[in-house]
Amino acid sequence: MVVQESLELDGDKKIEKVSCGGNHTVILLQDGRLLSSGDGEMGQVDRAPGLGWKYMETGLLINDVACGWEFTIAIDNNNAVFARGYGPKGELGLGESRVQATTFEKIMDIDEGFHGKLFSSFQNCTLLVQGSKNGSKVYGWGSNLKCQLLEPKCKSVFHPTLIYENNDITIDYVAMGKDFMVLVDIEGQVVDVRGSIPTDFHVNEWKGRKNLKVYCMWSSIHIWCGNKLYSYGFGHFGQLFDKDFKLDNVVDIGMGSEHGIIVMKCASSYKVLCWGWGEHGNCGSLTNDKHKIVNDRSNTTSPLNEILTCKNVPLVYGGCATTWIVTRD
Amino acid sequence: MSTYDDIEIEDMTFLPETQMFTYPCPCGDRFEILLEDMFDGENIAVCPSCSLMIEVIFEPEDLAEFYEKAGLPAPTPIAA
């Protein structure tokens with residue numbers, strides 16, 4: 001399967017982030033607008049006739065966005081947090097009586113002077129709030145059947161709930177899988193793990209180690225340490241990375257639901273390679289047919305497979321059996 | 001046979017109108033299994049859009065409440 005061009009933007013429109021839900025994808029532009037494609041049936045994006053990318057009519061200037069299974073969450077330039085779509089397990093954070101919204105509805109405000117970052121996977125959301133000095137807070141909402149947010153176990157957390165607070169440690173990001181999450185601080189240390197973490201992952205082996213980068217598929221944790229990527233969790237479909245592969249020339253990594261993406265510098269260009277569960281063509285083809293645009297099922301279980309070469313470093317993102325590459329050539 | 005994951009019945013969504021349990025699949029579609037098939041001993045939910053399957057973890061007595069939700073009488077082995 002050959003990579004297809006999905007969207008071409010004028011040079012002045014820069015892509016800040018691509019976030020993927022179950023069947024919808026949202027692009028955040030640096031000017032605060034959102035482009036969306038895919039399923040809007042539950043209000044996760046605007047319902048619009050036809051296929052393709054469309055600007056979302058939000059009336060907001062967006063600073064951050066994240067998509068989950070059937071919902072989208074966002075922070076605007078006034079530090080307000082919004083949600084839309086369908087969230088029967090509390091994914092909208094709007095309360096037990098509001099599990100569907102067809103436009104962005106405000107969940108909460110972030111205090112002035114604080115910086116918010118959103119993360120989401122499957123049926124969970126987290127909001128990281130960083131101050132101007134050390135310390136941070138993490139709020140969570142959505143499914144809590146695996147205690148992925150907090151203890152004790154409960155079916156749903158319907159409002160943003162403080163799940164982590166520390167006045168000294170500044171969390172940098174939350175890496176989220178289907179039923180678990182990993183909190184990583186600005187020094188690249190694993191600070192906390194929650195939920196049903198892969199049984200072969202032992203957090204004590206990683207605590208105290210710095211300069212780690214942590215990524216999650218739905219059912220696995222991947223830690224970039226030095227020139228290796230260490231994988232834990234489900235590997236029935238090749239999701240666990242090749243232990244012998246050295247990441248010396250790797251400049252970026254992205255994760256989809258059950259596949260991974262790496263960007264590697266090779267001489268004067270960059271190569272994008274995928275591995276893992278590639279049943280829908282999301283890891284490209286192993287047959288090297290440069291004309292075929294329909295998935296040939298050559299790599300349902302894919303070894304690391306080159307899918308694109310770019311002149312400039314691309315951005316890479318993964319969704320549910322989808323791979324998104326932002327080229328800047 | 002290798003399944004993608006083992007999922008407890010409480011993690012699945014029950015649709016009373018079709019008497020079906022669903023659970024999100026990493027391809028974007030949903031795994032499906034019918035209540036009636038589970039009563040008959042089936043525990044594998046399949047995705048209509050890909051090759052992945054999940055094993056549903058449940059006890060036969062767990063099914064009674066879902067017959068009730070669907071407005072159907074529970075079959076005798078459960079009801080008893």
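Just so it is clear: chains get the letters A, B, ... in the order the sequence lines come, proteins before strands, and each one is counted from 1.
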Look at the aromatic rings of A/Phe122 and B/Tyr23 and report parallel, tilted or perpendicular, splitting at 30° and 60°.
tilted

Measure across [X] and [Y] and return the closest heavy-atom pair with its distance rounded to 0.1 Å.
{"X": "B/Pro24", "Y": "A/Trp218", "answer": "O-CZ3, 3.8 Å"}
{"X": "A/His236", "Y": "B/Tyr4", "answer": "CD2-O, 4.2 Å"}
{"X": "B/Gly28", "Y": "A/Cys320", "answer": "N-CB, 3.9 Å"}

Heavy-atom count check: over 12 atoms from other residues, nucleotides or ligands less than 6.0 Å from [X] [atom1]?
{"X": "B/Glu68", "atom1": "CD", "value": "no"}
{"X": "A/Tyr86", "atom1": "OH", "value": "no"}
{"X": "B/Glu55", "atom1": "CD", "value": "yes"}

Chain A contacts: which residues in residues 8-17 of chain B have a non-hydrogen atom closer than 4.5 Å to it?
B/Glu8, B/Glu10, B/Asp11

Please rank A/His259, A/Lys178, A/Gln123, A/Lys155 by heavy-atom pairs under 4.5 Å with chain B and give me the top one.
A/Lys178

As an exercise, state the distance from [atom1] of [X] to [atom2] of [Y], rounded to the nearest 0.5 Å.
{"X": "A/Phe234", "Y": "B/Ser2", "atom1": "CZ", "atom2": "OG", "answer": "9.5 Å"}
{"X": "B/Cys27", "Y": "A/Asn23", "atom1": "SG", "atom2": "CG", "answer": "8.0 Å"}
{"X": "A/Asp179", "Y": "B/Asp5", "atom1": "CG", "atom2": "CG", "answer": "7.5 Å"}
{"X": "B/Ser49", "Y": "A/His280", "atom1": "OG", "atom2": "NE2", "answer": "6.5 Å"}

What part of B/Asp29 gets within 4.5 angstrom of chain A, counting heavy atoms only: side chain, backbone, both, or neither?
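Only the backbone of B/Asp29 comes within 4.5 Å of chain A.
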
Between A/Glu279 (side chain only) and B/Cys50 (backbone N and O only), is there a donor and an acceptor less than 3.5 Å apart?
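Checked: no pair found.
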
